[in-house]
Amino acid sequence: ATTTQVQAAQCGGTLTTINDVIYANNVPYGTGYKFRITNLLTSAQEEVERPLRDIRMTQTSIAEFNATYSVEVAVRNTNGLYLPYGTACNITTPSFPTTQLQLAQCDVILTNPNTVIYADSYAGATTYRFKFTNTGLGYTYQFDRPLRSFGLNTVPGLLPGETYSVQVSIEIGGVFGPYGKVCTLTTPGTARAIEVTKPAVA
C-alpha cells in the first residue's frame, strides 16, 4: 500500500496565515487525496477529499486560530479506492491577527472635525470594531464598521481638545479577535476650561 503525508517542510510547523496552502507529498498515478484533520485540543475532526495534493485550513469547518491540528493524508488508487492514511503531521495555525489605526493617524492632534480615520486593512476581515476610551472623562464608546474607516464627526460624545485612546479589532469568520495597538487621537478645538470657585471673603 502506498501512503503519503504532509511534506517535511511543513510537518510540525506553524502557518504564516490561516489560509496558507498545506501540501502532501506527491504520489505518482494517484487520482486524489483525502485529508483527515483533527483538532488536538477539542478532538473535532473532519475529512476533506481533494483532487490535488493540497488543502487550506479555511476549506474545513473546524479551522481556528492558535490551534494545533493532526493532519493525515490518504491517496486514492487508480481503482477509485483510498489507500490507508500515512503518518500524521502536526500543523499549528497562527494567532488571531490584529490591526490598528494607520501610522499617519496614530498619536496625532487633529485639526479638522470632519477628518476620516483609517485602520490598517486586513484581507479577510469582514468587520472593523473601533473603541474610543478616555479614562479621565469616564468615556468609552465602541462601534462596528464594514469598512476600515469612519468620520470623526460620527463618534458621539467627543469633547474638543481632548485625547482619546483608540483601538481596533477585526472580525474573521464570525469571530472578533483581540484589540490591537493603542493609538491616541486629540480632537480639534480647545480643551474644556476648568472653573475654579474662590472662597468668599469675609
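Values reported hereafter were calculated over all heavy atoms of this structure, with side chains retained and with hydrogens, waters and symmetry mates removed. Quick note: residue numbers are just sequence positions, from 1.
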Got a sec, which residues hit ring-ring contact (aromatic ring centres under 6.0 Å, His included) with Y139, two or more places apart in sequence or on another chain?
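Y139 satisfies ring-ring contact (aromatic ring centres under 6.0 Å, His included) with Y164 only.
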Pairing residues for F150 by the ring-ring contact (aromatic ring centres under 6.0 Å, His included) criterion, not counting sequence neighbours:
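ring-ring contact (aromatic ring centres under 6.0 Å, His included) check on F150 returns F130, F132, F143.
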Looking at [X] and [Y], what are the two nearest heavy atoms and their distance?
X: L81; Y: N79; value: N-OD1, 3.0 Å
X: C106; Y: L101; value: CB-O, 4.4 Å
X: N90; Y: S70; value: OD1-CA, 3.8 Å
X: A63; Y: I18; value: CB-CD1, 4.3 Å
X: V75; Y: T2; value: CG1-O, 3.6 Å
X: N134; Y: E162; value: ND2-OE1, 4.1 Å

Run the side-chain contact (heavy atoms from CB on, under 4.5 Å) test on R148 and D120 for me, step by step, so that the C-alpha distance in whole Å, both residues' side-chain angles and the decisive distance to 0.1 Å come before the verdict.
CA-CA 7 Å; R148 65 183 182 101; D120 288 334; 5.5 Å; no
Any donor-acceptor pair under 3.5 Å from [X] side chain to [Y] backbone:
X: N114; Y: G151; value: no
X: T127; Y: R145; value: no
X: T38; Y: S43; value: no
X: Y69; Y: E64; value: yes

Worked verdict on E171 versus R129 for side-chain contact (heavy atoms from CB on, under 4.5 Å)
CA-CA 8 Å; E171 181 186 25; R129 174 170 288 173; over 6 Å; no
L41 atom CG, over 12 foreign heavy atoms within 6.0 Å:
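Open: at most 12 neighbouring heavy atoms sit under 6.0 Å from CG of L41.
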Has L103 got more than 12 heavy atoms of other residues, nucleotides or ligands less than 6.0 Å from its CG?
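Atom CG in L103 is not crowded, with 12 or fewer foreign heavy atoms closer than 6.0 Å.
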Taking side-chain contact (heavy atoms from CB on, under 4.5 Å) as the definition, give me every residue that meets it alongside [X], ordered by chain and number, with sequence neighbours left out.
X: N66; result: S95
X: T87; result: Q5
X: S61; result: E46
X: K131; result: T133, T140, Q142, Q167, Y179

Rounded to the nearest 0.5 Å, what's the gap from [atom1] on [X] to [atom2] on [Y]? Could you check?
X: C11; Y: I22; atom1: SG; atom2: CD1; result: 11.0 Å
X: I170; Y: T98; atom1: CD1; atom2: OG1; result: 7.5 Å
X: I91; Y: T68; atom1: CD1; atom2: OG1; result: 9.5 Å

Output every pair passing side-chain hydrogen bond (donor to acceptor under 3.5 Å, both in side chains) with a member in residues 102-113, not counting sequence neighbours, ordered by first then second residue.
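Matches after skipping sequence neighbours: Q102-Q105, D107-T184.
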Between [X] and [Y], is there shared hydrophobic-cluster membership here, with clusters defined by ILVMFWY side-chain heavy atoms closer than 4.5 Å?
X: V182; Y: Y122; result: no
X: L152; Y: L159; result: yes
X: V166; Y: I109; result: no
X: L137; Y: L158; result: yes

Tell me the ring-ring contact (aromatic ring centres under 6.0 Å, His included) pairs involving residues 31-61, sequence neighbours left out?
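Listed once each, the pairs would be none.
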Tell me, which pairs form a ring-ring contact (aromatic ring centres under 6.0 Å, His included) where one or both residues lie in residues 93-115, sequence neighbours left out?
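Matches after skipping sequence neighbours: F65-F96.
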With a 4.5 Å limit on heavy-atom distance, are the side chains of K34 and R76 in contact?
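No, every pair of side-chain atoms sits at 4.5 Å or beyond.
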With ILVMFWY side chains joined below 4.5 Å, transitively, what does Y23's cluster contain besides itself?
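Joined to Y23, directly or through intermediates: V21.
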Kindly give the cluster partners of Y118, where membership spreads through any ILVMFWY side chain lying under 4.5 Å from a current member.
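Once heavy-atom contacts under 4.5 Å are chained together, Y118 belongs with V116.
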Could you go step by step and tell me if L110 and I117 meet the side-chain contact (heavy atoms from CB on, under 4.5 Å) rule?
CA-CA 10 Å; L110 302 173; I117 307 298; 4.1 Å; yes
Scan the side chains in residues 47-58 for donor-acceptor partners under 3.5 Å anywhere in the protein, sequence neighbours excluded, and list what turns up.
residue: E47; atom: OE2; partner: Y85; partner atom: OH; Å: 2.7
residue: E49; atom: OE1; partner: Y82; partner atom: OH; Å: 3.2
residue: R50; atom: NE; partner: D54; partner atom: O; Å: 2.8
residue: R50; atom: NH2; partner: D54; partner atom: OD1; Å: 2.7
residue: R53; atom: NH1; partner: A24; partner atom: O; Å: 2.6
residue: R56; atom: NH1; partner: N19; partner atom: O; Å: 2.7
residue: T58; atom: OG1; partner: N19; partner atom: OD1; Å: 2.6

Mind running side-chain contact (heavy atoms from CB on, under 4.5 Å) on S121 and Y128 for me, showing each step along the way?
CA-CA 9 Å; S121 63; Y128 291 79; 3.9 Å; yes
